[in-house]
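In what follows, a single structure is set out as structure tokens and then discussed.
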Amino acid sequence: MVKNAIFDQNHLATLKRAVDVYARRHRVTASNISNVETPGYRAQRLKFEELLEGADAQLRGVRTHAGHLPIGGQGPQGTNPVVEEVDSDYDNGVNNVDIDNEMTDLATNDLSYRMATRLLSMRYSMLRSAIKGRVG
């Protein structure tokens, strides 16, 4: 029981995946911001949550033995983010980058990244404490 609660690798893998996706989304948003005055540039976005919802919609079976076949979806580890062009009618006179929207997305993504890294750090602190035998 303790093994499942403290050393569960699924939580660590999910948090690591979240940090990777937020870092990649930051690069895409930063690229949009840096190209706000580039003629003909098309804004991009990182599509991940929509793909993740589809992967989590499938039921996953629990494997009680290593010889059993996995059943159902793969979760966040099996879902890859996709960069796609933003299809919008917005026109800033040069391209379709809405700087206000991009700055909002950057701030939101920054908060999400900080939360995920903090949760990951807390998870590793719990593991370190468990290994050292300290409580609290």
Side-chain angles (χ1 to χ4, degrees):
M1 185 60 116
V2 173
K3 179 181 180 279
N4 291 340
I6 296 176
F7 301 108
D8 185 11
Q9 293 296 317
N10 290 333
H11 289 84
L12 289 176
T14 301
L15 287 171
K16 288 178 188 177
R17 184 69 170 162
V19 169
D20 289 342
V21 169
Y22 292 136
R24 188 164 174 200
R25 180 170 286 140
H26 182 85
R27 289 191 298 273
V28 170
T29 305
S31 176
N32 288 342
I33 292 169
S34 66
N35 285 294
V36 70
E37 294 183 6
T38 303
Y41 177 81
R42 302 294 297 168
Q44 299 177 335
R45 73 179 185 102
L46 187 75
K47 184 178 177 181
F48 182 70
E49 286 79 6
E50 299 90 351
L51 300 173
L52 191 60
E53 286 174 8
D56 280 346
Q58 301 175 9
L59 293 176
R60 283 190 294 251
V62 177
R63 291 173 58 178
T64 57
H65 186 272
H68 293 167
L69 296 174
I71 301 170
Q74 298 175 357
Q77 290 77 19
T79 306
N80 293 318
V82 176
V83 177
E84 63 182 18
E85 284 189 3
V86 173
D87 185 29
S88 73
D89 295 332
Y90 183 81
D91 183 14
N92 65 7
V94 180
N95 56 37
N96 73 335
V97 177
D98 181 355
I99 191 66
D100 293 331
N101 189 40
E102 297 298 328
M103 294 303 287
T104 302
D105 289 348
L106 189 66
T108 302
N109 189 64
D110 181 57
L111 289 172
S112 298
Y113 179 85
R114 288 174 187 244
M115 179 196 64
T117 55
R118 181 136 189 186
L119 288 171
L120 191 58
S121 175
M122 289 169 50
R123 196 77 175 144
Y124 279 123
S125 292
M126 281 177 36
L127 286 172
R128 197 176 311 111
S129 295
I131 291 168
K132 290 181 179 180
R134 296 183 186 161
V135 178

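Any value given below was found using the heavy atoms of this structure, including those in side chains, with hydrogens, waters and symmetry copies removed. A quick note: this is a predicted structure, and the numbers were derived from the prediction, not measured.
Partner of Leu46 under the side chain to side chain contact (heavy atoms under 4.5 Å, CB included) criterion, chosen from Asp105, Asn109, Thr29, Val83: Val83. When each of Arg123, Arg128, Met122 is tested with Met126 by the rule side chain to side chain contact (heavy atoms under 4.5 Å, CB included), just one qualifies, namely Arg123.
Nearest heavy-atom pair, Asn92 versus Val97, reported as atom, atom and distance to 0.1 Å: ND2-O, 3.1 Å. Among all heavy-atom pairs drawn from Ser88 and Asn96, the shortest one is OG-ND2, 3.9 Å. The heavy-atom pair separating Val86 from Gln44 by the smallest distance is CG2-C, 3.7 Å.
Cluster partners of Tyr90: none. The rule joins Ile, Leu, Val, Met, Phe, Trp and Tyr whenever side-chain heavy atoms lie under 4.5 Å apart, and it links nothing here.
To the nearest 0.5 Å, atoms OH (Tyr41) and CG (Asn32) are separated by 4.0 Å. The distance from atom CG of Asp98 to atom CD1 of Ile33, rounded to the nearest 0.5 Å, is 11.0 Å. How far CE of Met115 is from CZ of Arg118: 11.5 Å, rounded to the nearest 0.5 Å.
Looking at Asn95, its side chain does come within 3.5 Å of a backbone N or O of Asn35 through a donor-acceptor pair. Within the 3.5 Å criterion, the main-chain N or O of Ser125 finds a donor-acceptor partner in the side chain of Ser129.
Note on Leu106 and Val28: separate hydrophobic clusters, where clusters join Ile, Leu, Val, Met, Phe, Trp and Tyr whose side-chain heavy atoms are under 4.5 Å apart, directly or indirectly.
Between Asp110 and Arg114 there is a salt bridge, with a side-chain nitrogen of the basic residue lying less than 4.0 Å from a carboxylate oxygen of the acidic one.
Within 6.0 Å of CD on Glu84 lie more than 12 heavy atoms contributed by other residues, nucleotides or ligands. Within a 6.0 Å sphere centred on CG of Asp87, heavy atoms belonging to other residues, nucleotides or ligands number 12 at most.
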